[in-house]
Structure formats: structure tokens, C-alpha cells
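In this text, all values refer to a predicted model and were calculated from it rather than measured experimentally.
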Amino acid sequence: MDVLSVRLLPHEQTPRGVQRVDLNRRYGSLCKEEALWNYPVISVFSSGDINTILKRNSKYPLRPPQEVISYYRRSRRDRYTNLGLVNEQGVTWQKLRVALTPALTGSGTVSGFFPALNTVTDEFIDLIVSERATNSTVRGFEDLAYRMGLESTCTLILGRHLGFLKPDSSNILTKRLAEAVRIHFMASRDAFYGLPLWKLLPTSAYKQLIESEDTIYNIISELVETTIREKEDEAKDESVEAVFLSILGQKNLDIRDKKAAIVDFIAAGIHTLGNTLVFLFDLIGRNPQVQATLYEEVLSLAPPGCDLTEADLRTADYLRACISESFRILPTTPCIARILDEPIELEKYHLNAGTVVLLHTWIAGLDDKNFKDASKYLPERWMTTMKPHSPLLVAPFGAGKRICPGKRFVELALRLIVAKIVREFEIVVQEELNLEFEFILAPRSPVSLGFQDRLSRTETT
């Protein structure tokens, strides 16, 4: 039995998120789209079907590679010996995962990094203060969030405090890198949809992708080289440098593999962490009662101006719930892509091995069949279950063996940053937040957010 089908237009202008919602409404919980040469892509919207696929065990889970990036990296053997963790499959992917991610995923690494993250967060607060207008509004807050994403990620991966949050010339480098990452996402998106003419001639999207890839690689590569030189002359603080030292110490990896992995880790952290911060602060600011409850909790952890500990954050249940609810309402990654490694039956439809499936966790998470009052921002649903409740749909880092290796770091960083920001400021939202799809979900620039001093901050300053 065939799944209901629609055909994608080569240069479709409909925003992808809007299009997927429309497909779900028109064709139901399972829809086959025919891409180039009638190649099927199955969109899955049902909570049960999504859970079924995510729970399948596979030694080497397959995800669709970004063909245009794979094509480019194969042409640059001077930089890449493989396609990277995101695009590689099978044994090669497994070897890279085992070699590159143990320090990044270890609890000890994050604990050792935590004091540095406190310092970085304090600098982020100072940056917000310096960038506010007279009405306490920061216009273009996403730029500050990307600087925070870059500084915190570099501190974790390189073990270096690089000063991207200081209001000096380093901001130029940050903007270049953040803009290159944004263009990279958009060029990848544009090259993905429609005919792959970039294989025959350098299309505009392909040129943009090459330029952005080169910018990202060159900037981060120079940071890596500088870090290597500095580490040779300095005493090692292994608690902070664990990720960097772990990657460099892999004897079975080519230096190109090590450098490419570091480049990919840092580039991934800039926009994903930055976009999530924008979404979190927007949702908290739009819900005054949520913000009031959250403020009471974080204020009880430690007085304003004081560092927070991991132990403090472990007791902050409402803070954790606010973040989980933000991941449900506005996830940076709106769906999970997989390639089936064996046949499966879904709703009486037969899907062959090799079929590409898109698991639309975001759309399913906003369905009242899966969450009570799904359109409302209700952190309480993560503390006391409000049925219906489908927690497996909230998977901003992916799921299974191919889950994002930076999950532990990002979750802890978000808790610390949000706790300290809400303790210092009342977040005020006065404008609508517009979204755009860059292969990931992103806020459309510029984003304006208000950060008004709490009374306690005014008294301490």
C-alpha cells in the first residue's frame, strides 16, 4: 500500500516549517514526498511512529548526509580525510565517535569546566549591561547570544578564555564567524532543495557554502594553532583542557581529523547555543508568572553576584522545566532525520530499508494529542505530569547513538546562564519573535529584548 504523496517543487518558496504543518493537516500522520528522480522521503508526524523508529536498535544508526558538504569535503583532501561525525556512516562514523567524544560527553569534563563557565556567564551579564539602550533594551540580542555561544564553546573545546564577550576588536572576529556559520546553514539548505546543479557548475549556493566553510575553517584553525603553541609554553590545567588534550592525544587520528573535529564542534556550538538562548529568554519574558516563579527559585540558590555550583543547579527543578518546555515550543532542531537500515511497517504502510524518514518532533510536540494545552508555555508539565504527555518528542539533541555529543555541556550551560541572567535582570519582551529556517530553527534578525535591573542588583551596585 502506498503512502499519500505530494511532489516537492525544485525551487519551492514556502517556508519549510509552514509547509510541513500543511502536509500534516492535509495528508495525515504519514506523508511521502518525492524528491529528485522520484526518490521518496517519508515525513512522520505521529508520536507513536516517531517513538517506534527512535527506539529501534542499530549498531550503526544511519542519518542522511548533507550531500553538498560531503561533496566539498571530498574535494579538499588537504583538510579532510573523512566527512566528519555528522555525515559519516557505519564503521568510520563509529571510530570517529569513539575517538573524539569521550572527554566531551564525560561528566568529569563538564565539572572541571564549570568554574570557567561561571566566569564566562558573568562577562555575558556585563556585556548585556554595556549594550543596553537607555530603556534597557538590547537590539540585536542574537549577536550577543552568538558571542556567548562562541566564547563558552571555545572555552570548553580549546580550554582557552578568548575574550569574545569583551567590547573590543574581538567582536569583529566573532561577527565574521557567526555570520559565516549562518550563511553556511542557509547555503546548505538552498543546495539541498532542488536540482544539484552545483555538481556541474558552481551555483550561488555552492559558492556561498565554499566561502563560508573556508571562513569557518580558517578562523577556528588559527585559534587551534595558537592554542597548540601556547599550550607548549604553559603549565597544563587538564580540568579545563580535557577535550582539547583528549582530541590531540588520539594517536590513531590524522592531524586533519583532529583539527576538522574541533572546527565542527565549535561551529556547531555558536548558533545552536545562541539560538536556544534567544528562544528561552523570549519565552520567559512573554510569561510573567513563569518568570516570577523562576526568579524566586534562582534567588534561593545563591545571592546575586555569587557563583552558582553544580549542586545548586541540581536542586533547581523549575529552571530545568523551563528549559525543557522551551525545547518543546521552540527547538533549534525541529526534526530528526534517519535512514532505515531494515524494513518497517508503520500504520499498515511498508517502508523499505534505505528509506529516508523525517521525524517531525516539533510539530508533534505542538499537537494537543501529545501534550495538554500544547500551544501554551507551561514548565509545570515537566514537574507534575499533565496528560497527555509525550516526553520522547522533545529531542533537541537527537536520540540514540547519534545523539549530539555536546548535550551534557549545553544543558548545564543553559541552566547556569539562565539562572544568573534571571537573577540579575527582569526580561521584557515588546516585539514579536519572527523565525526562519536555516536547516535549523533560528530567530530572524534583529531581536530586541529588554533587560531591566532587579532591585537586588541595583542595591549591590
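D214 and Y72 form a side-chain donor-acceptor contact under 3.5 Å, judged by distance and modelled atom types alone. Side chains of T81 and D254: no donor on one and acceptor on the other come within 3.5 Å. Between the side chains of T276 and T332, at least one donor N or O lies within less than 3.5 Å of an accepting N or O. Between the side chains of E142 and S445, at least one donor N or O sits under 3.5 Å from an acceptor N or O. Residues S221 and E225 have side chains that never bring a donor and an acceptor to within less than 3.5 angstrom of each other. Donor-acceptor pairing under 3.5 Å is lacking for the side chains of D257 and Y80. Under 3.5 Å, the side chains of S111 and E310 contain a donor-acceptor pair of N or O atoms.
Ion pairing between K407 and E411 holds under the 4.0 Å rule for side-chain N and carboxylate O. Look at R147 and D143 and you find no salt bridge, because none of the NZ, NE, NH1 or NH2 atoms lies under 4.0 Å from a carboxylate O. For R176 and E211, the salt-bridge test fails: no basic side-chain N is under 4.0 Å from an acidic carboxylate O. Look at D312 and R423 and you find no salt bridge, because none of the NZ, NE, NH1 or NH2 atoms lies under 4.0 Å from a carboxylate O. Using a 4.0 Å cut-off between charged side-chain N and carboxylate O, R73 and E88 make no salt bridge.
Side-chain contact between V120 and I417 is absent, with no heavy-atom pair separated by less than 4.5 Å. A 4.5 Å side-chain heavy-atom check between T109 and F409 finds every atom pair outside the cut-off. By the 4.5 Å heavy-atom criterion applied to side chains, L83 and R74 are counted as neighbours. Using a 4.5 Å heavy-atom threshold, the side chains of F451 and R132 count as touching. Inter-residue side-chain proximity for W93 and K401 is flagged as met; some heavy-atom pair is nearer than 4.5 Å. Between R56 and R338 there is no side-chain heavy-atom pair separated by less than 4.5 Å. Side chains of T203 and D190 form no contact here, defined as non-hydrogen atoms less than 4.5 Å apart. In this structure, L85 and F265 have side chains that are in contact, with non-hydrogen atoms separated by less than 4.5 Å.
One N or O on the side chain of Q291 and one on the backbone of I427 form a donor-acceptor pair closer than 3.5 Å. Within the 3.5 Å criterion, the main-chain N or O of G365 finds a donor-acceptor partner in the side chain of R328. Looking at D282, its side chain never comes within 3.5 Å of a backbone N or O of V278 through a donor-acceptor pair. Put simply, the side chain of Y318 never gets that close to the backbone of M383: no donor and acceptor are under 3.5 Å apart. For the pair Q208 (side chain) and I183 (backbone), a donor-acceptor distance under 3.5 Å is absent. A distance-only check finds a donor-acceptor pair linking the side chain of Q250 to the backbone of A99 [under 3.5 Å]. At distances below 3.5 Å, at least one donor-acceptor pair connects side-chain atoms of S188 with backbone N or O atoms of H184. Remark: the backbone N or O of D317 is paired with a side-chain donor or acceptor of E297 at under 3.5 angstrom. A donor-acceptor pair under 3.5 Å is formed between the side chain of E151 and the backbone N or O of L162. Using a distance-only test at 3.5 Å, with no hydrogens or angles considered, a donor-acceptor pair links the side chain of R189 to the main chain of F437.
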Problem set entry | Derivation and outcome, salt bridge (charged side-chain N to carboxylate O under 4.0 Å, His left out), residues D78 and R256 | CA-CA 8 Å; D78 58 320; R256 289 171 291 176; over 6 Å; no
Problem set entry | From CA spacing to verdict: salt bridge (charged side-chain N to carboxylate O under 4.0 Å, His left out), E222, R229 | CA-CA 11 Å; E222 178 57 33; R229 292 193 296 269; 3.4 Å; yes
For this session: Kindly indicate, with the supporting measurements, whether the criterion side chain to side chain contact (heavy atoms under 4.5 Å, CB included) is fulfilled by L277 and I421.
Result: CA-CA 11 Å; L277 285 174; I421 291 292; over 6 Å; no
For this session: Determine, step by step, whether T105 and R408 satisfy the side chain to side chain contact (heavy atoms under 4.5 Å, CB included) criterion, reporting the C-alpha distance in whole Å, the side-chain angles of both residues, the deciding distance to 0.1 Å, and the verdict.
Result: CA-CA 6 Å; T105 58; R408 188 189 297 271; 5.6 Å; no
For this session: Take L449 and V429, measure what side chain to side chain contact (heavy atoms under 4.5 Å, CB included) needs, and give me the verdict at the end.
Result: CA-CA 6 Å; L449 288 175; V429 178; 3.7 Å; yes
For this session: Step by step, work out the side chain to side chain contact (heavy atoms under 4.5 Å, CB included) result for V418 and I284.
Result: CA-CA 10 Å; V418 173; I284 291 170; 3.9 Å; yes
For this session: Check the pair D341 / S58 against side chain to side chain donor-acceptor pair (under 3.5 Å), numbers first and verdict last.
Result: CA-CA 8 Å; D341 58 358; S58 175; 2.6 Å; yes
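What you find for I440 and H271 is that their closest heavy atoms are CD1-CB, 4.2 Å. Residues C322 and L280 come closest through the heavy atom pair O-CD2, 3.9 Å. When every heavy atom of I403 is checked against every heavy atom of F397, the shortest pair comes out as CG1-O, 3.2 Å. Here the closest non-hydrogen pair linking I220 and A267 is CD1-N, 4.0 Å. Of all heavy-atom pairs spanning S246 and A103, the tightest one is CB-CB, 3.5 Å. Taking both residues in full, the closest heavy atoms of L223 and L158 are given as CB-CD1, 4.0 Å, listed atom of the first, atom of the second, then distance.
Remark: I262 CD1 to I228 CD1 distance equals 7.0 Å, nearest 0.5 Å. To the nearest 0.5 Å, atoms CD1 (I336) and CD1 (I50) are separated by 8.0 Å. Rounding to the nearest 0.5 Å gives a distance of 8.0 Å between OG1 of T137 and CD of E431. If you take CD on E424 and CG on L299, they are separated by 10.0 Å, rounding to the nearest 0.5 Å. Distance check: L313 CG to R415 CZ gives 6.0 Å after rounding to the nearest 0.5 Å. Distance check, rounded to the nearest 0.5 Å: CZ of F164 to CG of L177 gives 7.0 Å.
Atom CG of N252 has 12 or fewer heavy atoms from other residues, nucleotides or ligands within 6.0 Å. Within 6.0 Å of CG in N57 there are 12 or fewer heavy atoms belonging to other residues, nucleotides or ligands.
Using the six-membered ring where Trp is involved, W198 and Y206 have ring planes that are parallel, under 30° apart on the 30 and 60° scheme.
A cation-pi arrangement is found for R79 relative to Y217, the charged atom lying closer than 6.0 Å to the ring centre and inside a 45° cone about the ring normal.
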